[in-house]
Each structure stands twice: as C-alpha cells, then as structure tokens.
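Residue numbers begin at 1 in each chain, while the letters A, B, ... track the order of the sequences. Computed from a predicted model, the values in this text were never measured in an experiment. Keep in mind that the numbers below use all heavy atoms, side chains included, and drop hydrogens, waters and symmetry copies.
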Number of protein chains: 2
Amino acid sequence: MRIAIVGLGLIGGSLGLDLRRLGHGVVGVSRNPMTCDRAVALGAADEAGCELARVEGAAVVFLCPPLDWVISMGEAVLPHLSPGAILTDVGSVKQPIVQALSSQWPQFIGGHPMAGTAHQGIEAAESRLFQGRPYVLTPTTSTPAASLEVLAGLVQSLGSTLYYCPPDQHDQAVAWISHLPVLVSASLIQACQGESQGEILRLAQQLASSGFRDTSRVGGGNPELGTLMARYNREALLTSLRQYQGAIAGLTQLVEAENWAELQQQLQATQVQRSAFVDP
Amino acid sequence: MRIAIVGLGLIGGSLGLDLRRLGHGVVGVSRNPMTCDRAVALGAADEAGCELARVEGAAVVFLCPPLDWVISMGEAVLPHLSPGAILTDVGSVKQPIVQALSSQWPQFIGGHPMAGTAHQGIEAAESRLFQGRPYVLTPTTSTPAASLEVLAGLVQSLGSTLYYCPPDQHDQAVAWISHLPVLVSASLIQACQGESQGEILRLAQQLASSGFRDTSRVGGGNPELGTLMARYNREALLTSLRQYQGAIAGLTQLVEAENWAELQQQLQATQVQRSAFVDP
C-alpha cells in the first residue's frame with residue numbers, strides 16, 4: 001500500500017519505520033528539507049519532500065503535525081488527495097479535528113496512538129513504538145465502513161490495541177487520565193515553590209525521592225504540549241479540574257477535622273480504584 | 001558494636017542485614033515470635049526474641065515499629081537501656097517523637113532513613129536498602145556530640161547520604177515532597193470516580209497509561225501509612241495542602257480564562273523548578 005506521512009516528528013517518523021518494515025511504500029512530507037533527508041536516511045520514508053502534492057496516489061495519509069496544526073494541514077492536504085484516500089491524524093484531542101475535517105473529507109477518520117517518549121523530532125523515531133499501546137479510532141456515523149476497515153487493519157499491524165469510540169468520549173476519557181494529571185502534577189511543583197523558608201525548600205529538594213519524582217513527572221513535561229491539550233480539550237478538562245478540586249478539598253477537610261478513620265477508608269478506596277486503571 | 005533493633009519489619013530487618021554484614025552483633029526484638037525466628041533465619045539478627053530486656057548491653061538501639069508505636073515503644077524500652085546507650089528511631093515524622101523521647105533520654109536522636117519498597121514485613125528485608133538514599137538525623141541543641149558522632153558513623157557505613165536538620169524542618173520538608181503528594185495523587189484517583197458516565201470511566205481505565213500510572217502511584221499506596229503521616233504531620237501537611245489548593249485553582253483559572261500564554265509560561269516554570277528536586 002502507498003502511504004503518506006505529513007509531519008515527520010517522533011510519531012510520524014516512528015509510523016514510517018514500522019510501515020516500511022511491514023512492506024508499505026512510505027512517502028514523507030515535512031516543511032523542513034533537512035527533516036526530509038533525515039527521515040529517508042533513518043529509514044522512516046522511502047522518499048520525502050516539502051511539497052504536499054507528494055500525497056497524491058497514497059491510499060492512506062497520516063497527518064502527524066503538532067496538535068494545533070492538524071486542521072489547517074488537513075485542509076491544505078485535501079486538494080492533493082486521490083479519490084477515496086483515507087485521511088487520518090494522530091492528535092491527542094479528537095472532537096474539534098473530526099468536526100472540521102470529516103465534513104470536508106468523508107474518508108477522514110480521527111486517530112490517537114497513545115504512545116510516546118520523553119523526546120521529540122525525527123531523531124527520536126523508534127521502531128515498534130506503538131506495539132502493545134492503545135490506538136483509538138474515532139469514526140462517526142458517516143464514516144465509510146470499508147475505509148475504517150483498512151485503517152483498523154494498519155493499526156493492528158503495528159501491534160497496537162485498537163479501541164473505537166466517538167470523538168467526544170475519547171476527549172472526556174483523556175481529560176481524566178492524561179490532561180488532568182498534567183495540571184495536578186504541575187500544581188504540586190508550583191505549590192512547593194510557595195514554601196516561604198528557603199532552607200526548607202532546599203531540604204525538600206535534597207530529600208525528594210520516588211514519590212515526588214513520579215507525582216511531579218508529567219507536570220514537568222513539555223509545556224507547549226500541556227498547553228495545547230488544555231486549549232483543545234478545555235471543556236472536558238475544566239469538568240475534570242472542578243471534580244478534582246472537590247476531591248482534594250474533601251481530603252483536606254478530613255485532615256482538618258482529624259477524621260483519621262474516614263481518611264484511611266478513603267485511601268483504602270483509592271488503592272482499590274487505582275487497580276482498575278493500571279497494574280500496581 | 002552491639003546493636004539492638006526493636007521492630008523487625010522491612011526497615012528493621014534491612015538494617016539488621018546491613019549491620020551484621022558490617023560486623024556488628026545484632027539482637028532483634030519483635031512482639032511476634034515467628035518474626036523473631038524468621039529474622040534470625042534470614043540473617044537479619046544474630047539472636048531475637050520478644051523480651052524488651054534484650055536491648056540491655058546494646059550501644060545503639062534502633063526503634064523500627066510503625067509510626068504510631070514509636071513513642072510508646074521507646075518509653076517501654078527506656079528502663080532496659082544501658083547507661084549512655086544511643087536510642088534512635090526510623091519514623092517518617094520527627095517532631096512529636098523527638099519531643100517525647102529526647103526529654104526522657106538525652107541520647108535519643110531522631111532518624112529517618114528515606115528508603116523503602118512496595119512491600120512490608122521481615123520477608124521484604126533487603127540488603128543495602130539504604131545505600132545511596134538520604135538518611136536524616138534530627139539532633140537537638142542538647143544532643144551529646146559523641147552520641148551523634150557514633151550514630152552518624154553507622155548511618156554513613158550503610159552507604160546513605162547523611163543530612164542533619166531540626167525535627168520541625170524535617171517535618172515541613174517531607175510534608176512537601178512526601179505527604180502532600182499522597183493526597184494530591186489520591187485525589188486524582190478519587191476525582192475520576194466522579195465521572196458520571198460509566199462508559200467514559202471504563203474507556204479511561206482502558207486508555208490509562210504512564211502519565212496516569214505515575215501521577216496516581218502514591219495515592220494508591222498503603223492507606224495506613226498515608227493516614228499515619230497525615231495524623232503525625234497534620235500542621236505541616238495542612239499548610240502544604242492550602243498552598244496546593246491555591247496552585248490548582250490558579251491553573252484552573254487560566255484554563256477558564258483561556259489565557260494560554262500564561263499557562264504555557266507557568267508550565268515552563270514548573271518544568272525548570274522540578275529539575276531542582278529530581279533528575280528528569
């Protein structure tokens with residue numbers, strides 16, 4: 001199958017490595033000529049260049065730019081698509097993208113491979129990045145079944161665990177497990193800076209260990225990405241944030257009231273509840 | 001040196017393994033005769049039994065029971081201590097313990113080895129558990145210098161990084177980096193349960209990945225320990241919680257106001273600030 005990848009960063013490049021390994025012909029497109037050269041040199045594309053017209057003849061086109069460019073890049077690609085070509089993206093928020101593009105191209109299918117590393121760019125591209133990871137497709141009621149089947153087959157060939165859901169459900173789910181944690185975690189780092197005694201802050205920095213490391217990790221992550229997620233998933237994130245503020249206020253109240261039996265009961269509940277999300 | 005360890009769980013047992021390896025004679029004390037037998041069988045003590053009188057003749061006595069038993073166990077040990085014996089504990093909150101015990105035994109020195117695993121009990125004891133980990137000693141102005149020197153030498157022989165600070169400073173620092181994260185993280189798990197649509201909660205559980213895993217880890221930890229920390233370090237924890245609630249309210253306000261430039265600037269700041277606490 002001839003496949004085009006527009007945007008050759010970590011995700012686009014890693015897709016290219018896998019799709020070529022699986023025997024597909026991969027054409028890459030990037031605004032940056034040096035990125036195109038590196039993608040070919042690293043084996044992430046058979047050929048690559050800056051012209052969007054390169055997507056012509058591709059059966060499937062992956063849009064892999066930063067989240068805030070997906071819609072405009074999708075619209076710029078449309079005139080170059082071959083009839084019936086499947087257009088998909090890899091953005092971490094789905095509703096605004098699906099709304100904008102599926103009305104203009106019926107074979108557009110929103111996608112979200114939930115994989116990544118701490119690194120960015122074509123040099124960070126990894127083979128088998130998506131293996132064993134969730135990959136969500138968000139078809140609408142008007143998505144052609146045949147197009148969905150082709151894309152689903154590609155996703156499964158990457159070794160991903162495929163999920164289907166409507167775009168708005170995807171966005172609400174990732175608000176809870178991905179976007180809310182970023183602000184919860186960033187607030188922890190920020191709160192510590194409010195420690196008024198410099199020597200206690202220094203001591204805290206020296207003693208900080210795995211508990212602080214893990215709880216603060218995503219709050220110390222990519223600021224642009226965190227902001228984009230909040231911007232594109234604002235409504236669902238605000239719902240989660242309000243719920244969260246209620247939860248922390250409730251636990252604080254138990255500490256204030258010295259209601260240790262209830263605090264322990266609630267911590268027992270969170271211990272159990274967590275196991276439905278992740279392994280211990 | 002003859003050393004007694006009262007309380008043979010993960011910390012007491014691991015101390016015993018290391019101190020015996022370093023050539024000391026270790027006597028263990030536990031309420032549970034089976035724990036005593038296991039401690040000797042595992043090499044965590046040369047001899048062990050249920051009688052507190054076994055601490056007689058020890059130059060150093062480590063109190064290693066759960067946090068809420070340290071003071072009463074310390075007081076029960078006092079009549080059996082040899083003159084000049086150094087008494088120390090391993091509790092994760094220091095001020096109430098130091099206040100209670102140093103007035104009754106001048107050679108009491110509060111201690112906090114910041115090491116652990118997800119497991120508990122003598123079977124979880126590990127050699128070199130403290131190596132490369134912080135170990136805080138909290139002497140007071142009346143702590144005899146010679147006693148402190150002996151204990152500091154022992155701590156350093158474990159391979160720990162030794163820190164000194166007053167008990168109240170220790171408690172404030174660990175409120176920020178250890179006790180606050182537990183409630184921040186538990187609130188995240190709790191908030192997700194408030195998602196009113198069952199299918200979105202199930203989807204969130206399926207898609208939850210490393211971000212949710214790390215941010216929720218300590219909130220899914222030992223409920224008894226989390227409650228004890230809150231109980232014994234209530235004042236410092238409440239100060240941290242109030243500061244934290246201000247921080248998350250501030251970030252929420254930026255999302256509400258769609259002030260993306262300021263949100264990104266604050267996330268850039270937390271990214272930098274985190275690096276003063278832990279490596280990326």
Side-chain angles (χ1 to χ4, degrees), chain A residues 114 134 163 165 169 172-173 176-178 181 183-195 200 203-205 207-209 211-220 223 226-227 230-231 234 237-238 241 243-245 247-248 251-252 255 260 263-264 267-268 270-271 273-274 276-278, chain B residues 114 134 165 169 172-173 176-178 181 183-195 200 203-209 211-220 223 226-227 230-231 234 237-238 241 243-245 247-248 251-252 255 260 263-264 267-268 270-271 273-274 276-278:
Chain A
M114 301 189 69
Y163 294 94
C165 67
Q169 287 194 6
Q172 289 174 60
W176 289 109
I177 52 112
S178 176
L183 296 192
V184 161
S185 177
S187 299
L188 173 63
I189 303 167
Q190 218 174 49
C192 295
Q193 304 301 314
E195 167 57 48
I200 290 170
L203 185 63
Q205 289 168 342
L207 301 182
S209 179
F212 187 87
R213 175 192 307 277
D214 286 359
T215 318
S216 68
R217 186 176 65 79
V218 296
T227 305
R231 188 169 139 201
R234 179 171 169 272
L237 177 58
L238 281 174
L241 277 166
Q243 190 80 31
Y244 181 82
Q245 285 181 282
I248 189 104
L251 291 182
T252 302
V255 177
W260 309 123
L263 178 64
Q264 187 165 325
L267 292 179
Q268 265 154 2
T270 56
Q271 189 178 43
Q273 287 154 356
R274 181 173 183 265
F277 288 85
V278 290
Chain B
M114 301 190 69
C165 67
Q169 288 193 5
Q172 290 176 60
W176 289 109
I177 51 111
S178 176
L183 296 192
V184 161
S185 177
S187 299
L188 173 63
I189 303 168
Q190 221 176 46
C192 295
Q193 304 300 313
E195 168 56 48
I200 289 170
L203 185 63
Q205 288 168 344
Q206 288 169 325
L207 300 182
S209 178
F212 186 86
R213 176 193 306 278
D214 286 359
T215 319
S216 68
R217 186 176 66 80
V218 296
T227 306
R231 189 169 139 203
R234 179 173 169 273
L237 177 58
L238 281 174
L241 277 165
Q243 189 80 30
Y244 180 82
Q245 286 181 282
I248 189 104
L251 290 182
T252 303
V255 177
W260 310 124
L263 178 63
Q264 186 165 325
L267 292 178
Q268 266 154 3
T270 56
Q271 190 178 41
Q273 288 155 355
R274 181 174 184 263
F277 288 85
V278 289

Would you give me the side-chain donor-acceptor pairs under 3.5 Å for residues 183-193 of chain A, sequence neighbours excluded?
unit_1	atom_1	unit_2	atom_2	d
A:Ser185	OG	A:Thr215	O	2.7
A:Ser185	OG	A:Ser216	O	3.2
A:Ser185	OG	A:Gly219	N	2.8
A:Ser187	OG	A:Leu183	O	2.7
A:Gln190	NE2	B:Gln266	OE1	2.7

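- Under the salt bridge (charged side-chain N to carboxylate O under 4.0 Å, His left out) criterion, B:Arg213 pairs with no residue at all, not counting sequence neighbours.
- Both the backbone and the side chain of B:Thr252 come within contact range of chain A, each with at least one heavy atom under 4.5 Å from a heavy atom of that chain.
- Atom-to-atom distance recorded for A:Met114:CE and B:Gln206:CD is 11.0 Å, nearest 0.5 angstrom.
- The contact between A:Tyr163 and chain B is made entirely by side chain atoms (from C-beta outward), counting heavy-atom distances below 4.5 Å.
- Per-residue heavy-atom pair counts under 4.5 Å with chain A were compared for B:Leu267, B:Thr227, B:Leu251, B:Leu241, and the maximum is reached by B:Thr227.
- For a residue to count as touching a neighbouring chain, one of its non-hydrogen atoms must lie under 4.5 Å from one of that chain's; by this rule A:Pro134 touches chain B with the side chain only.
- Per-residue counts of heavy-atom pairs under 4.5 Å with chain B were compared for A:Ser178, A:Gly211, A:Gly220; the largest is that of A:Gly220.
- Only the side chain of B:Val218 comes within less than 4.5 Å of a heavy atom in chain A; its backbone stays farther off.
- Ranked by heavy-atom pairs under 4.5 Å with chain A, the first of B:Arg217, B:Gln169, B:Gln172 is B:Arg217.
- Taking both residues in full, the closest heavy atoms of B:Gln268 and A:Pro223 are given as CG-CG, 3.5 Å, listed atom of the first, atom of the second, then distance.
- The distance from atom CG of A:Leu203 to atom CD1 of B:Ile177, rounded to the nearest 0.5 Å, is 8.0 Å.
- Nearest approach of B:Pro181 to A:Phe212, heavy atoms of both residues: CG-CD1, 4.4 Å.
- With a 4.5 angstrom heavy-atom cutoff, B:Leu238 touches chain A only via side-chain atoms.
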